[in-house]
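Below is one structure; the comments refer to it alone.
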There are 2 protein chains.
Amino acid sequence: MAKLEDIAKLAEVSPTTVSRVINNYGSLSEKTKNKVFTAMKELNYQPNSLARSLKGKSSKIIGVIFPGVSNPFFGQMVETIENQLFDRGYKIILCNAGKNKEKERAYLRMLIANQVDGIIAGSHNLEIEEYQQVGLPIISFDRYLSENIPIVSSDNFQGGKIAAEVLLASGSKNIQMISGANQPNSPTNRRLVGFKEVIEDNNLKFGLTEIKYNASPNIKGMKIKEVLSNNSVDGIFCTDDLTSLLVFQQAHQLGLRIPEDIRLIGYDGTSFIQEFHPELATIEQPINDIVTLMIDLLLQRIKDPDCNLQQNYVLPVKAIAGETSRRISE
Amino acid sequence: MAKLEDIAKLAEVSPTTVSRVINNYGSLSEKTKNKVFTAMKELNYQPNSLARSLKGKSSKIIGVIFPGVSNPFFGQMVETIENQLFDRGYKIILCNAGKNKEKERAYLRMLIANQVDGIIAGSHNLEIEEYQQVGLPIISFDRYLSENIPIVSSDNFQGGKIAAEVLLASGSKNIQMISGANQPNSPTNRRLVGFKEVIEDNNLKFGLTEIKYNASPNIKGMKIKEVLSNNSVDGIFCTDDLTSLLVFQQAHQLGLRIPEDIRLIGYDGTSFIQEFHPELATIEQPINDIVTLMIDLLLQRIKDPDCNLQQNYVLPVKAIAGETSRRISE
DNA sequence: ATGAAAGCGCTAACAA
DNA sequence: TTGTTAGCGCTTTCAT
């Protein structure tokens with residue numbers, strides 16, 4: 001692997017000059033520039049980022065911590081992050097923290113060791129303290145990590161409200177909400193609050209079933225079957241689209257018709273769902289905007305670590321109509 | 001950020017000694033070890049990977065190039081890669097090359113600049129030469145990149161055969177295959193070859209519809225509708241499960257029943273499909289094994305760049321039964 | 001068992 | 001406009 005010095009020799013200039021050419025810095029004659037460029041071409045030269053970062057320049061790497069990317073929602077999220085960061089000249093180290101505290105901790109250490117410029121965190125296994133100690137710009141997606149770490153999220157409260165309104169408009173009276181187990185302090189809890197508000201404003205009640213986020217689809221399926229059979233449910237709000245898909249399936253297996261017998265609405269609205277399951281009504285999170293905002297904030301913090309940012313940034317959601325929430329005329 | 005020297009001072013030893021403790025190298029007295037450990041704890045010390053890599057140690061970073069991770073197949077692939085590499089002490093830089101030649105080229109350069117130890121490539125936009133010049137250990141998934149770059153893939157030929165057999169066993173006679181546009185030299189073409197062989201051995205013919213991998217679901221949907229309406233098709237093999245999903249939908253919209261009117265089988269068999277669409281018959285690629293093998297080979301090459309590896313490694317596939325390929329008794 | 005010193009590839013004062 | 005030199009944080013001979 002050719003190094004800067006080799007270029008310098010070949011071009012018959014000093015290393016400094018080569019560095020200047022590479023970084024387009026200081027004053028240089030066209031002639032030297034050309035000599036250097038030619039030499040770089042000839043040796044197929046690539047500056048060593050490591051050495052560059054060591055010498056004070058930033059690494060231009062962002063650590064991205066999510067539970068995983070096999071889930072289409074996180075997949076789209078991470079893909080969007082990666083694409084947008086690439087355009088801004090950054091690369092990402094991907095960290096699938098799963099549901100593993102130890103792993104997340106190890107990742108944090110590793111990211112520090114690798115001198116990343118900042119972190120985008122969409123996972124949530126760790127205690128507040130550990131994030132506080134990182135001493136690196138962090139932006140969090142939809143999770144409370146610690147004071148002073150800004151949270152970007154979609155408008156969970158409004159999302160919950162809209163979901164309730166859709167179900168009510170579809171004529172549902174006997175409503176169930178199926179959500180992941182409550183994370184203390186998590187903004188996603190607001191979906192429940194918003195949902196509840198609307199339902200109760202309409203003098204109705206609703207049942208709440210919590211299913212652990214990390215339960216296997218089989219387990220989830222079972223719980224859903226319970227929900228579907230024990231009640232005369234006619235409307236269901238799932239806090240993510242995959243659970244909604246499962247409900248759709250189980251209903252079919254039980255011979256319940258959607259939307260005739262039960263109306264269904266999910267949450268997230270990934271392009272995957274919109275493209276491959278357009279029948280599913282859902283609340284769409286504005287993934288692109290979320291990502292853009294997270295990156296803007298992160299880069300701000302990177303530029304000026306002491307810059308003042310809000311604790312919460314909330315982006316609007318949108319209802320996506322779908323066959324599963326169609327009103328059945330009586 | 002505390003550095004090695006700070007530890008040395010605090011522990012009242014030389015930097016060398018600290019380095020020895022960190023790397024568990026050379027001979028050390030218990031006493032010094034303890035002093036150093038204590039100091040490290042106290043300053044919450046993290047060795048700087050960059051500096052370490054600069055000084056000859058490998059970076060322990062692998063570049064992972066795929067089209068994207070919002071597609072569940074690639075998502076699962078990348079997640080598995082990341083998990084397995086983490087266990088082996090490596091981290092990954094994720095590169096979503098999309099369908100963009102320029103981007104893939106830029107990634108290659110960037111990975112070199114970042115001194116990655118090796119590359120796992122699952123994308124396929126570039127010309128052979130560019131990969132040949134990288135001068136880094138590379139393993140490819142399911143794509144021919146260049147001589148001397150090992151390809152790991154599932155048994156595409158056998159997969160095609162099995163798919164054909166399943167459709168035949170289900171009683172289909174008027175069969176269509178829907179595949180991505182043919183990549184020259186790509187191992188995935190063997191799915192077609194295997195499929196064709198079985199169909200023709202049974203004195204049948206089949207129609208082939210090629211749909212560009214990167215077509216939007218809407219475009220794909222249209223083409224599929226054509227396929228479904230222009231023929232009296234009664235059996236379809238899609239070379240990926242998402243297309244298969246689309247066929248399933250379109251068939252419903254056209255009032256065609258699956259499996260009564262048409263039998264359907266896909267390809268890939270991600271856990272996503274198996275869990276959320278168990279009705280879809282498919283050919284499962286052994287993602288875990290593929291990843292394990294790719295990583296084994298890559299680490300071998302990293303250890304010994306000249307080690308002899310085969311050009312092709314083929315792993316067996318498995319048919320996953322599903323309602324969509326059930327035989328209808330007459 | 002421990003330390004001194006050189007150097008990895010690059011950048012950035014400071015000189016000229 | 002260009003070059004000399006020191007040093008980023010760490011590892012590693014070579015001494016002691």
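The sequence lines fix the lettering, A, B, ..., with proteins before strands; numbering per chain opens at 1. Because the structure is a prediction, the values reported are computed rather than measured.
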Q: Check the distance between C:dT11's P and A:R52's CZ and give it to me in whole angstrom.
A: 5 Å
Q.
Please report the distance, rounded to the nearest Å, between CG in A:L54 and C1' in D:dT11.
A. 12 Å
Q) Hey, which of these two, B:Y25 or B:A51, hits DNA chain D nearer its 5' end, going by closest nucleotide? A) B:A51
Q: Ignoring hydrogens and angles, tell me if any N or O in the side chain of A:D304 forms a donor-acceptor pair with the backbone of A:R301 under 3.5 Å.
A: no
(Q) So A:S27, base contact, sugar-phosphate only, or nothing? Heavy-atom distance under 4.0 Å. (A) base
Q) Can the ring centroids of B:F272 and A:F272 be said to lie less than 6.0 angstrom from one another? A) yes
Q) How close or far is atom P of D:dG9 from atom NZ of B:K3, stated in whole angstroms? A) 4 Å
Q: Using only side-chain N and O atoms of A:Y45, determine if any of them is under 4.0 Å from OP1 or OP2 of C:dC10.
A: yes
Q | A:K55 vs C:dC10: side-chain N/O to OP1/OP2 distance below 4.0 Å | A | no
Q. Is the phosphate of C:dT11, meaning OP1 or OP2, less than 4.0 Å from a side-chain N or O of A:S19?
A. yes
Q) For the side chain of A:K91 and the backbone of B:M110, is there at least one donor-acceptor N/O pair under 3.5 Å apart? A) no
(Q) Measuring to OP1 and OP2 of C:dG3, would you say a side-chain N or O of B:T17 lies under 4.0 angstrom away? (A) yes
Q.
Between B:Q115 and B:G26, which residue's closest nucleotide on DNA chain C lies nearer the 5′ terminus?
A. B:G26
Q | Nucleotide D:dT13, atom P - distance to CG of B:N23 in whole Å | A | 12 Å
Q | B:T16 side-chain N/O to D:dT12 phosphate OP1/OP2 under 4.0 Å | A | no
Q: Considering just the side-chain nitrogens and oxygens of B:T32, establish if one lies under 4.0 Å of OP1 or OP2 belonging to C:dT2.
A: yes
Q | Touch class at under 4.0 angstrom, heavy-atom based, for B:L28 against every strand present | A | sugar-phosphate
